[in-house]
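Sequence positions, counted from 1, serve as the residue numbers for this chain. Note that ligands are numbered from 1 as they come in the structure, with each ligand's atoms numbered from 1 the same way.
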Amino acid sequence: MTATDSTPAKKPVAILISGRGSNMMSLVEASRAPDYPAEIASVISNRPDAPGLAWARGQGIATVALDHTAFPSRAAFDAVLHNAIEACGAQFVACAGFMRLMTPGLVARWHNRMINIHPALLPSFKGLDTHARALAAGVRIAGCTVHIVRPEMDCGPILGQAAVPVLDGDTPGTLGRRILAAEHRLYPKVLSLFAAGAYDIDQEIARLKAASANLEMLFSPEA
Ligand code: GAR
């Protein structure tokens, strides 16, 4: 996209996925708004058969499939992944269901420029099976978090969270569906603020610079 006098250029973002890609779709759809500050430069997957990759290709978005099983080491895969991200001109990286641990070296190369969405209210319930573990713990409020990526799994400065109430009779499936709907609302908002440079990061805490860039808290029983 070309910058005009009144519209700042959109920042190119690479999205990393491993599967379905519903969060990626929500970012792609949001990025089509003329005033959205980011554009999707490429969708990259470590699984060539990821359904989200086919969807992105069908949308005319550049895609890259890097089969991690074809690489001799995590570092070798991450070096090629880094090159693919750079080759598409991305300034930022948005992980959207990218289910692969990264080497500290790759994370360092994208320091404060790589974000992730996780289906829990971090720092609770890092890792897998978040909804089953939240239900087993008896929490009444669950949700999702967008954060800056650090080398430790599901760690890093929190950019935004959406709260989703746990309802009587919830199963991991029913709770997960409502949280996923909240993810689809939260991630585009956070990427928009992040790409627009709305955050200060100091001592591992992310703060919005201006009240005008407020990220409303989401709390919706229907979400
Ligand atoms: C999403 O729920 C996302 O939060 C989660 O994987 C799912 C991907 O779905 N990510 C993680 O658990 C990362 N720790 P999607 O492919 O439909 O976006």
What are the distances between nitrogen or oxygen atoms of ligand 1 and protein nitrogen or oxygen atoms, counting only those under 3.5 Å?
residue: ligand 1; atom: 2 (O); partner: E183; partner atom: OE1; Å: 3.1
residue: ligand 1; atom: 2 (O); partner: E183; partner atom: OE2; Å: 2.9
residue: ligand 1; atom: 4 (O); partner: E183; partner atom: OE1; Å: 2.6
residue: ligand 1; atom: 9 (O); partner: R20; partner atom: NH2; Å: 3.1
residue: ligand 1; atom: 14 (N); partner: H118; partner atom: ND1; Å: 3.0
residue: ligand 1; atom: 14 (N); partner: D154; partner atom: OD1; Å: 3.2
residue: ligand 1; atom: 16 (O); partner: G21; partner atom: N; Å: 2.8
residue: ligand 1; atom: 17 (O); partner: R20; partner atom: NE; Å: 2.5
residue: ligand 1; atom: 17 (O); partner: R20; partner atom: NH2; Å: 3.2
residue: ligand 1; atom: 17 (O); partner: S22; partner atom: N; Å: 2.8
residue: ligand 1; atom: 17 (O); partner: S22; partner atom: OG; Å: 2.5
residue: ligand 1; atom: 18 (O); partner: S22; partner atom: N; Å: 3.4
residue: ligand 1; atom: 18 (O); partner: N23; partner atom: N; Å: 2.9
residue: ligand 1; atom: 18 (O); partner: N23; partner atom: ND2; Å: 3.0

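For S31 and E39, the side-chain atoms include no donor-acceptor pair closer than 3.5 Å.
Remark: R113 fails to qualify as a cation-pi partner of F194 under the 6.0 Å distance and 45° angle criteria applied to the six-membered ring.
A ring pair (Phe, Tyr, Trp, His ring centres under 6.0 Å) check over residues 100-157, counting only residues at least two apart or in different chains, returns the pairs H82-W110.
Classification of K10 and D35 as a salt-bridged pair fails, no side-chain N sitting under 4.0 Å from a carboxylate O.
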Can you give the donor-acceptor pairs under 3.5 Å from side chains of residues 52-63 to other protein atoms, not counting sequence neighbours?
residue: R57; atom: NE; partner: T63; partner atom: OG1; Å: 3.4
residue: Q59; atom: OE1; partner: R32; partner atom: NH2; Å: 2.6

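With sequence neighbours excluded, the residues that form a side chain to side chain contact (heavy atoms under 4.5 Å, CB included) with M99 are S18, L128.
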